[in-house]
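Working notes for the structure below.
In this text, all values refer to a predicted model and were calculated from it rather than measured experimentally. Numbered from 1 within each chain, the chains take letters A, B, ... in sequence-line order.
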There are 2 protein chains.
Amino acid sequence: MPEWKEVIAVKKTTLRFRKGALLFKEGEPVKGIYLLYSGAVKVHKKWADGKELIIRFAAVGDILGHRGLAGDIYPVSATALEDSKACFVSNPFLETTLRADHVFTRTLMQFYAAELQKAELRMRNLALMEVKGRIAEALLELQAVYGTGKNKFIRVPVTRQDIAGYAGTTYETVFKFLKILVDAKVIQVSGKSICIRQPGKLVKMCDSSRE
Amino acid sequence: MPEWKEVIAVKKTTLRFRKGALLFKEGEPVKGIYLLYSGAVKVHKKWADGKELIIRFAAVGDILGHRGLAGDIYPVSATALEDSKACFVSNPFLETTLRADHVFTRTLMQFYAAELQKAELRMRNLALMEVKGRIAEALLELQAVYGTGKNKFIRVPVTRQDIAGYAGTTYETVFKFLKILVDAKVIQVSGKSICIRQPGKLVKMCDSSRE
DNA sequence: CGAATTATTGAGAGCAATCAACTGATGTGG
DNA sequence: CCACATCAGTTGATTGCTCTCAATAATTCG
């Protein structure tokens with residue numbers, strides 16, 4: 001866990017969340033931010049018809065709920081992908097820290113700037129890549145965020161529904177494309193775990209000429 | 001212009017940019033940030049085949065190039081939509097200000113947080129809305145950013161190419177949909193100017209049930 | 001006035017969403 | 001133990017939208 005994040009981790013109000021539990025919900029008043037201690041969390045935003053887009057996947061050490069710093073209500077929801085623990089930092093405590101520790105404030109600002117760059121990259125991908133490419137993106141992103149364990153399998157249980165939610169497509173489309181990838185031996189699926197066997201081929205199959 | 005931005009505007013190194021001129025370019029080393037004094041600027045990001053996505057439209061008072069704070073090179077380009085003036089703030093000066101003025105640093109951080117929220121909203125729209133809805137978004141966004149002058153026309157010259165670039169679609173598709181909107185008397189076009197006559201109907205025609 | 005660029009329009013193809021059907025696993029009541 | 005229901009996972013067919021390409025019209029510019 002990056003050192004700077006320990007500044008806010010001093011306040012050890014650790015909360016536990018069962019798989020599927022909500023850390024916070026879109027529209028609720030902002031009470032503070034969370035620092036993920038263990039587990040995995042998805043941040044998502046609703047749309048019509050029960051559709052939603054997964055904004056990002058958060059791993060151990062990541063900050064959650066910081067979007068709320070700009071307003072009074074959370075613009076997104078956060079749901080545990082597996083049993084997780086998170087350190088909760090209340091707004092008053094955060095305020096005090098921001099006022100007292102200017103280095104921390106600057107580091108947090110740079111963290112925001114970096115998040116913004118990622119968001120822009122993702123905006124571009126969502127707008128210009130076609131669905132296959134976005135699904136590939138989702139897989140690569142999951143691996144980048146959570147890493148791989150034994151057998152090179154991605155270290156988090158993901159449903160096809162989640163992949164669809166991240167790629168901005170439907171369950172069925174994800175299903176069909178994953179099947180193609182499995183048949184081509186580019187990836188391997190076992191239960192809720194996925195293993196990327198040939199990342200290069202994966203990218204190539206999405207013909208999405210990268211920047 | 002918001003007061004707080006004047007903190008960095010003290011340094012009056014005002015630069016002029018002709019319509020179409022680049023303020024900075026994707027991939028170039030970051031030299032500083034810009035504060036737009038007059039005119040209008042688009043921020044865009046390249047992709048394959050000469051395609052690009054317009055990340056945002058900036059109006060007078062907006063900050064440009066701040067994404068670069070997180071890295072050494074600009075992740076995006078900025079191009080003047082019309083003759084513009086921008087106050088350039090070099091990195092060293094910005095560094096000094098950030099170190100000295102902590103209130104400014106905090107305000108800038110909150111600005112980032114707000115930008116992040118906007119980016120997420122846009123991510124969701126780009127991923128889940130269909131093309132018509134995204135074009136409508138583009139029009140409404142342009143009006144929100146630049147406002148309207150006499151005749152209620154949006155106060156900036158926009159090409160259909162730019163609308164396509166913002167909506168993540170093609171020139172022809174924008175052309176055809178705008179024609180439908182004009183025929184339905186929802187909007188009005190005159191040269192490079194656009195006027196939204198019936199915003200409600202515009203939203204409805206995109207069937208995109210809003211949040 | 002001719003050339004080159006840009007605007008406009010139509011036809012066609014391809015992709016992905018939707019819908020519907022099927023499979024198999026699990027559970028429930030008789 | 002079996003018949004039935006339920007539900008998630010899986011697959012195919014269809015439809016509609018949007019991109020691409022191409023052809024024509026209009027405009028700018030030399």
Side-chain angles (χ1 to χ4, degrees), chain A residues 19-20 47-54 81 124-139 157-184 187-194 202 204-209, chain B residues 19-20 47-54 81 124-139 157-184 187-194 202 204-209:
Chain A
K19 179 173 179 173
W47 204 56
D49 304 331
K51 280 180 190 167
E52 66 172 17
L53 181 74
I54 293 180
L81 288 173
R124 195 202 56 183
N125 290 346
L126 284 170
L128 300 178
M129 289 173 78
E130 41 194 302
V131 170
K132 282 182 187 174
R134 303 208 300 260
I135 294 174
E137 270 284 305
L139 296 176
V158 216
T159 67
R160 280 151 236 258
Q161 191 58 255
D162 283 334
I163 296 174
Y166 189 82
T169 182
T170 61
Y171 177 89
E172 289 97 323
T173 301
V174 169
F175 185 90
K176 288 166 188 172
F177 187 53
L178 285 192
K179 191 178 209 310
I180 292 174
L181 292 177
V182 170
D183 288 347
I187 67 170
Q188 201 177 331
V189 178
S190 158
K192 292 222 182 298
S193 296
I194 293 178
L202 174 59
K204 204 160 60 182
M205 283 185 71
C206 307
D207 77 342
S208 37
S209 20
Chain B
K19 179 173 180 172
W47 205 56
D49 304 332
K51 281 181 191 167
E52 66 172 16
L53 181 73
I54 294 180
L81 288 172
R124 195 201 55 182
N125 291 344
L126 284 169
L128 300 178
M129 289 173 77
E130 41 196 307
V131 170
K132 282 181 187 176
R134 303 208 300 258
I135 294 174
E137 270 283 307
L139 296 177
V158 215
T159 67
R160 279 153 237 258
Q161 191 57 255
D162 283 334
I163 296 174
Y166 188 82
T169 183
T170 60
Y171 178 90
E172 289 96 324
T173 300
V174 170
F175 185 91
K176 288 165 187 171
F177 187 53
L178 285 191
K179 190 178 209 312
I180 293 174
L181 292 176
V182 169
D183 288 347
I187 67 170
Q188 202 177 332
V189 178
S190 157
K192 292 222 183 298
S193 296
I194 292 178
L202 174 59
K204 203 159 59 181
M205 284 184 71
C206 308
D207 78 340
S208 36
S209 21

Check: Out of C:dA17, D:dC19, D:dC17, which has the shortest distance to the side chain of A:T169?
Finding: C:dA17
Check: When the distance from OH of B:Y171 to P of C:dT5 is rounded to whole Å, what number comes out?
Finding: 16 Å
Notebook entry, point to check: Between C:dA16 and A:T173, is there an OP1 or OP2 to side-chain N/O distance shorter than 4.0 Å?
Noted result: no
Next item on the list: Starting from P on C:dA16, measure out to CG on A:L178 and report it in whole angstrom.
Entry: 14 Å
Next item on the list: Using a 4.5 Å cut-off on heavy atoms from C-beta on, say whether the side chain of B:L139 contacts that of B:V158.
Entry: no
Check: A:I180 CD1 to D:dT10 C1': how many Å, rounded?
Finding: 14 Å
Check: Are A:M129 and B:W47 close enough that some pair of their side-chain heavy atoms sits under 4.5 Å apart?
Finding: yes
Check: To the nearest Å, how far apart are B:E172 CD and D:dA25 C1'?
Finding: 15 Å
Check: When you match B:K179 and A:R134 each to their closest nucleotide on DNA chain C, which lands nearer the 5' end?
Finding: B:K179
Next item on the list: Check step by step if side-chain contact (heavy atoms from CB on, under 4.5 Å) holds for A:L178 and A:R160.
Entry: CA-CA 9 Å; A:L178 285 192; A:R160 280 151 236 258; 3.9 Å; yes
Check: If we ignore angles and hydrogens, is there a donor and acceptor under 3.5 Å between the side chains of A:T173 and A:T170?
Finding: yes
Notebook entry, point to check: Could you give the CZ-to-P distance, from B:F177 to D:dC17, as a whole number of Å?
Noted result: 12 Å
Margin query: Tell me the interatomic distance from A:K132, atom NZ, to C:dG14, atom C1', rounded to whole angstroms.
Written below: 10 Å
Notebook entry, point to check: Can you check the A:K176 NZ to C:dC15 P distance for me, whole Å?
Noted result: 14 Å
Next item on the list: Using atom CD of B:E130 as one end and atom C1' of C:dC15 as the other, report the distance to the nearest whole Å.
Entry: 14 Å
Notebook entry, point to check: Of all the nucleotides listed (C:dT9, C:dA17, D:dT20), which has the minimum atom distance to the side chain of B:F175?
Noted result: C:dT9
